[in-house]
Amino acid sequence: MRNLSILIILGMFCASALPAAELGERIRELKFTYLANEPENFGFDLESKDPAAPGRLVLVDFFGTSWPSGPEQGEILNALTEQYRGANLTVIAASGEPRAKLERYIAAAPKLLYAVAYDPNNMTAQRVIPGDLILPVCVIVDGRSRLLWAGDTSEAPGALARIYDGSYDMDKRIDLLPYYSQLAAAMRGGAPNEIRNLTDRMLALEPGNITAAQARLFLHESTGDLDGGWKFLGGRCAATPDEALWYWLAVGYGARNPGYRAEALKLLGRYPAVDSNRLETINMAWEIINNYEFSTAALDAAEKLLGTVAAPEWRERAALALLAYKRCDLAGALKLQREAVAMAEAAKVGSDQLAELGRAREYFNDLAASGNPE
């Protein structure tokens with residue numbers, strides 16, 4: 001499940017902002033030492049004057065292996081690499097952590113489709129990351145070596161979609177960036193009025209901004225204004241149907257606040273289930289199966305979500321197995337869990353995940369053998 005703690009998103013794990021380029025400026029070089037999946041080339045020369053070059057993009061995620069958001073960042077980067085394969089996008093994860101630590105991260109990664117690079121002393125990060133942002137940060141550079149976009153990794157899928165469809169507005173993003181550090185300070189200082197004002201401004205500039213949404217929901221829940229949080233969230237989902245994360249936020253809000261579960265499930269009727277949102281779709285189904293009451297409506301909603309996944313994988317099978325179990329279909333749960341284990345083994349997932357899947361398989365096997373649903 002996505003661990004989107006707002007304090008993590010706002011960069012609480014880095015000591016200070018790094019002085020660097022501004023959006024729209026040319027980046028002289030992206031110099032790294034590659035440790036995995038080194039790209040043969042970026043698909044362009046960073047000094048190119050080719051007028052066709054802006055369609056070619058490099059996404060660099062500056063990350064840390066020990067940050068709580070690290071595993072989720074990896075899933076996002078894998079998904080983007082698959083989604084934009086053949087679309088002139090190069091995806092790189094770069095870190096200034098010790099090389100040996102990065103090599104252990106690579107060895108333990110269950111799936112690694114993107115390039116992983118060592119950035120000694122964060123030298124490239126310091127030249128590239130806009131001064132209003134602090135690590136972790138994701139940046140996108142275009143074919144004319146312009147710094148096109150910067151923000152949190154969770155915002156990158158929406159940013160790429162807007163860049164590729166031509167709706168991205170760099171001027172609005174430039175206006176937005178200073179608010180990130182201000183919002184982080186307001187969150188640390190527990191200033192509710194400032195949080196409200198800042199999130200209003202951020203969402204006015206970028207209606208689908210997930211970081212601002214997380215902060216706003218935190219504000220509503222921490223002050224006990226649950227109705228206000230739901231009204232805010234429901235309206236935003238309807239206004240930004242391309243942002244799968246907003247629907248995930250709605251499901252999570254219902255899980256945390258049971259009075260809104262039925263409304264959250266109704267909201268999912270407008271969810272745009274497309275292949276690019278595969279991970280979000282599976283995550284939402286898990287959220288419903290794990291946290292919602294054993295109602296037919298909730299289980300039906302989860303099954304409908306999983307039925308839209310275009311490229312089934314072990315996570316989808318494991319979710320279906322749990323759903324079958326909650327419907328007291330022990331034989332079906334065991335069959336699906338066996339498929340999940342086989343798919344996970346083929347995908348070479350991490351040993352901890354594989355062990356957890358195996359334990360669930362044995363649990364379902366014991367229940368099916370005994371005929372006991374509990």
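Note that this is a predicted model, so its numbers are computed, not measured.
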N/O donor-acceptor pair under 3.5 Å between [X] side chain and [Y] backbone:
X      : Y      : value
Lys31  : Thr124 : no
Asn37  : Tyr114 : yes
Asp142 : Arg146 : yes
Asp119 : Ala94  : no
Asp175 : Leu205 : no
Asp169 : Lys172 : yes
Arg261 : Asn291 : yes

Within this structure, what is the [atom1]-[atom2] distance for the pair [X] and [Y], rounded to the nearest 0.5 Å?
X      : Y      : atom1 : atom2 : answer
Met343 : Leu336 : CE    : CG    : 10.5 Å
Ile282 : Trp314 : CD1   : CH2   : 9.0 Å
Leu306 : Arg315 : CG    : CZ    : 12.5 Å
Leu30  : Ile92  : CG    : CD1   : 6.5 Å
Arg201 : Leu183 : CZ    : CG    : 11.0 Å
Thr81  : Gln83  : OG1   : CD    : 10.0 Å

Is it the case that [X] and [Y] place a side-chain donor and acceptor less than 3.5 Å from each other?
X      : Y      : result
Tyr260 : Asp227 : yes
Asp152 : Thr211 : no
Tyr179 : Asn197 : no
Asn257 : Glu221 : yes
Thr223 : Asp225 : no

Electrostatic pair [X]-[Y], nearest N-O below 4.0 angstrom:
X      : Y      : value
Arg99  : Glu103 : yes
Glu287 : Arg256 : no
Lys266 : Glu263 : yes
Glu155 : Arg173 : yes

Looking at Glu356, I'd like to know if its CD atom is crowded, meaning that more than 12 non-hydrogen atoms belonging to other residues, nucleotides or ligands lie closer than 6.0 Å.
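Open: at most 12 neighbouring heavy atoms sit under 6.0 Å from CD of Glu356.
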
Would you indicate whether Asp165, at its atom CG, is surrounded by more than 12 heavy atoms from other residues, nucleotides or ligands within a distance under 6.0 Å?
yes

For a quick test of reading the model, state the closest non-hydrogen atom pair linking [X] to [Y] and the distance between them.
X      : Y      : value
Ala340 : Leu357 : O-CD1, 4.3 Å
Ile289 : Ala319 : CD1-O, 3.5 Å
Ala215 : Ile195 : O-CG2, 4.1 Å
Ala212 : Leu203 : CB-CG, 3.9 Å
Ala264 : Ala250 : CB-O, 3.6 Å
Leu305 : Ala285 : CD1-N, 4.0 Å

Quick one: are [X] and [Y] in side-chain contact, heavy atoms under 4.5 Å?
X      : Y      : value
Phe32  : Val116 : no
Leu59  : Thr90  : no
Gln182 : Met187 : no
Tyr253 : Leu249 : no
Tyr247 : Met284 : yes
Ile106 : Leu35  : yes
Val91  : Val58  : no
Tyr325 : Gln337 : no

Kindly work out whether a path of hydrophobic side-chain contacts (I/L/V/M/F/W/Y, heavy atoms less than 4.5 Å apart) joins [X] to [Y].
X      : Y      : result
Tyr168 : Ile140 : yes
Leu80  : Leu113 : no
Met123 : Phe63  : no
Ile174 : Ile27  : yes

Ile76/Asp61 under side-chain contact (heavy atoms from CB on, under 4.5 Å): CA gap, chis, key distance, verdict:
CA-CA 10 Å; Ile76 293 171; Asp61 188 68; over 6 Å; no

Examine Arg216 relative to Phe232 and say whether NZ or CZ is less than 6.0 Å from the centre of the six-membered ring and inside a 45° cone about the ring axis.
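Arg216 over Phe232 ring: yes.
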
For Tyr105 and Ser95: C-alpha separation, side-chain torsions, deciding distance, then whether side-chain contact (heavy atoms from CB on, under 4.5 Å) applies.
CA-CA 11 Å; Tyr105 165 82; Ser95 176; over 6 Å; no

Checking salt bridge (charged side-chain N to carboxylate O under 4.0 Å, His left out) for the pair Arg327/Asp300: CA distance, chi angles, key distance, verdict?
CA-CA 10 Å; Arg327 284 180 164 157; Asp300 286 349; 2.4 Å; yes

Would you check, one step at a time, whether the test side-chain contact (heavy atoms from CB on, under 4.5 Å) holds for Arg338 with Asn365?
CA-CA 10 Å; Arg338 285 172 174 166; Asn365 185 60; 3.5 Å; yes

side-chain contact (heavy atoms from CB on, under 4.5 Å) between Val139 and Leu147, worked out
CA-CA 7 Å; Val139 301; Leu147 182 58; 3.8 Å; yes

Kindly determine whether Tyr34 and Tyr118 satisfy ring-ring contact (aromatic ring centres under 6.0 Å, His included), including the steps that lead there.
CA-CA 6 Å; Tyr34 291 96; Tyr118 175 46; over 10 Å; no

